[in-house]
Amino acid sequence: MDEFRGLLERHVRPDGATAIDGVRICRSDQHGGPRTSMSGTVLAVIATGGKRLALGERVFDYRVGQYLVASVDLPVTGHLLDDEPGRSSLGFGMTLEPAEIAELLLTGGPVTAPPPAGPGIAVSDAPAELMDAIVRLLRLLDRPQDRIALAPLVKREILWRLLTGEQGDAVRQLGLADSRLSHVRRAVRWIRENYPHPVRVDDLARLAGMSVSAFHRNFQDVTAMTPLRFQKQIRLQEARLLLARGSKDITTVAYEVGYRNLSQFSREYRRQFGVPPSLDSLQRHEDELPELVRASGFPGRARRS
C-alpha cells in the first residue's frame with residue numbers, strides 16, 4: 001500500500017489523466033459539500049482518505065484497502081467521510097470496458113449462467129493479488145519503453161482478478177450481451193440520450209426485452225431508483241451543468257432538459273441541490289473533474305451539490 005500511495009503521489013495531475021489509456025489518478029479535498037456526477041463504469045481504489053457515495057437510498061462507504069466497482073453509468077452523490085477531517089483523498093481509477101471483459105470471458109474458460117441483476121455499485125476489500133497487479137500497472141508510468149507492450153497485459157490481469165473476485169458477478173455481466181445488467185443498461189443508455197423526452201416504462205421494458213414487472217424489479221435492483229426518478233436525476237444534473245455555463249436563462253434551461261413547468265423545475269432543483277436555480281453558484285466548468293472523480297478515478301463531468 002505504501003508503494004501504491006507513493007506512485008499515485010508522484011503521478012497525480014490536476015486533470016487526473018495518465019499516460020495509460022483508461023487509467024486516472026485523482027485527488028480531492030474537503031472543500032465544498034457533496035457533489036453529484038455520473039459514475040461511469042469503473043474500478044476505483046483509494047490510497048488515502050475515504051469516500052461516501054449515495055445512489056438513490058443506498059449509501060456506500062469505501063476506504064483505504066477497499067475497491068469499488070461501478071458496473072453501470074449512474075447518477076451518484078459523493079463526499080469525503082467526516083471521520084478524517086482535514087485530509088484529502090487520493091485514488092486510482094480504471095475504466096471497465098465491456099468489450100475487453102467479453103474477450104477475456106471468451107478466452108478464460110466457461111461462462112456460468114448470468115446471475116440476477118444486482119446493485120450497479122459494490123464495495124469489497126481489495127485482495128493482495130488485485131493490489132499487486134494495480135501497483136505493477138502504475139510502475140509502468142515510470143517505464144515508457146515497457147508501457148505500450150505491457151500495460152494492456154496488466155490491465156487484462158486486473159480484469160481477471162475482478163472477474164474471479166468478490167464482485168465477479170457484477171463485472172461478468174458487463175461483458176455478457178444477454179445478461180440482465182446489459183438489458184438494464186440499454187434502458188439506462190436510452191434515458192441518458194433522451195432525457196428531455198417523456199419516458200414510457202412500457203417502451204423501456206420492450207427495449208430491455210423484459211416484461212414490465214421484471215423490468216421494474218431489475219431496474220431498481222441496479223439503479224436503486226425507478227426509471228422516472230432516474231430520468232429526473234439526469235435532467236437536474238444536466239440543468240445544473242447548463243446553468244454553470246452561464247449562457248442561458250433558467251426558463252430556457254428548464255425547457256431544454258424537459259420541464260414544462262418552471263415552478264416544478266425550481267422546486268425539484270432546490271430539493272436536489274439545496275438551493276434554487278436562481279441562487280445556485282457553480283464554480284466548476286464542464287471540462288473539470290467532479291469531486292467524485294478526484295477521489296476515485298471516476299470519469300464524468302462536474303456537478304457540484
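All of these numbers come straight from a predicted model, not from anything done at the bench. This chain uses plain numbering: 1 for the first residue, then up along the sequence.
- For residues 42-61, no pair satisfies ring-ring contact (aromatic ring centres under 6.0 Å, His included), with sequence neighbours left out.
- Under the salt bridge (charged side-chain N to carboxylate O under 4.0 Å, His left out) criterion, E9 pairs with R27, sequence neighbours left out.
- The salt bridge (Lys or Arg N to Asp or Glu O under 4.0 Å) analysis of residues 257-268, with sequence neighbours excluded, yields no pairs.
- Between Y259 and V253 the shortest side-chain heavy-atom distance does not fall below 4.5 Å.
- Heavy atoms of other residues, nucleotides or ligands lying less than 6.0 angstrom from CD1 of I148 number 12 at most.
- Each ring-ring contact (aromatic ring centres under 6.0 Å, His included) pair with one or both residues in residues 195-215, not counting sequence neighbours, appears once here: F215-F219.
- Among pairs with a residue in residues 130-150, those fulfilling side chain to side chain donor-acceptor pair (under 3.5 Å) read E3-R139, R10-D142, H11-D142, D132-R136, R136-E157, at least two apart in sequence or across chains.
- With hydrogens and angles ignored, the 3.5 Å screen pairs a side-chain donor or acceptor of R24 with a backbone N or O of D15.
- Judged by distance alone, the side chain of S71 and the main-chain N or O of L174 form no donor-acceptor pair under 3.5 Å.
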Kindly indicate, with the supporting measurements, whether the criterion side chain to side chain contact (heavy atoms under 4.5 Å, CB included) is fulfilled by V184 and D221.
-> CA-CA 10 Å; V184 171; D221 284 345; over 6 Å; no
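- Shown here are the side-chain hydrogen bond (donor to acceptor under 3.5 Å, both in side chains) partners of D21, two or more places apart in sequence or in another chain: there are none.
- Side chain of T41 to main chain of V72: no donor-acceptor pair is present (N/O by atom type, distance under 3.5 Å, no hydrogens or angles).
- Interatomic distance, CD of E100 versus OG1 of T95, reported as 9.0 Å (0.5 Å rounding).
- Taking the side chain as every heavy atom from C-beta outward, L43 and L159 never approach each other to under 4.5 Å.
- A search for salt bridge (charged side-chain N to carboxylate O under 4.0 Å, His left out) contacts involving E166 returns nothing, not counting sequence neighbours.
- With hydrogens and angles disregarded, no donor-acceptor distance shorter than 3.5 Å links the side chain of S89 to the backbone of G49.
- Take V212 and apply the side-chain contact (heavy atoms from CB on, under 4.5 Å) test, not counting sequence neighbours, and it matches V201, D202, A205, H216.
- With sequence neighbours excluded, the residues satisfying side-chain hydrogen bond (donor to acceptor under 3.5 Å, both in side chains) with R156 are T107.
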How far apart are the C-alpha atoms of L204 and F230, what are their side-chain angles, what is the distance that settles it, and do they pass the side chain to side chain contact (heavy atoms under 4.5 Å, CB included) test?
-> CA-CA 13 Å; L204 292 175; F230 186 92; over 6 Å; no
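- Annotation: side-chain contact (heavy atoms from CB on, under 4.5 Å) contacts of Q66 (sequence neighbours excluded): Y62, R63, V123, D125.
- For D61, the salt bridge (charged side-chain N to carboxylate O under 4.0 Å, His left out) partners at least two apart in sequence or on another chain are R52.
- Applying the salt bridge (charged side-chain N to carboxylate O under 4.0 Å, His left out) rule to R229 yields the partners E57; only residues at least two apart in sequence or on another chain are considered.
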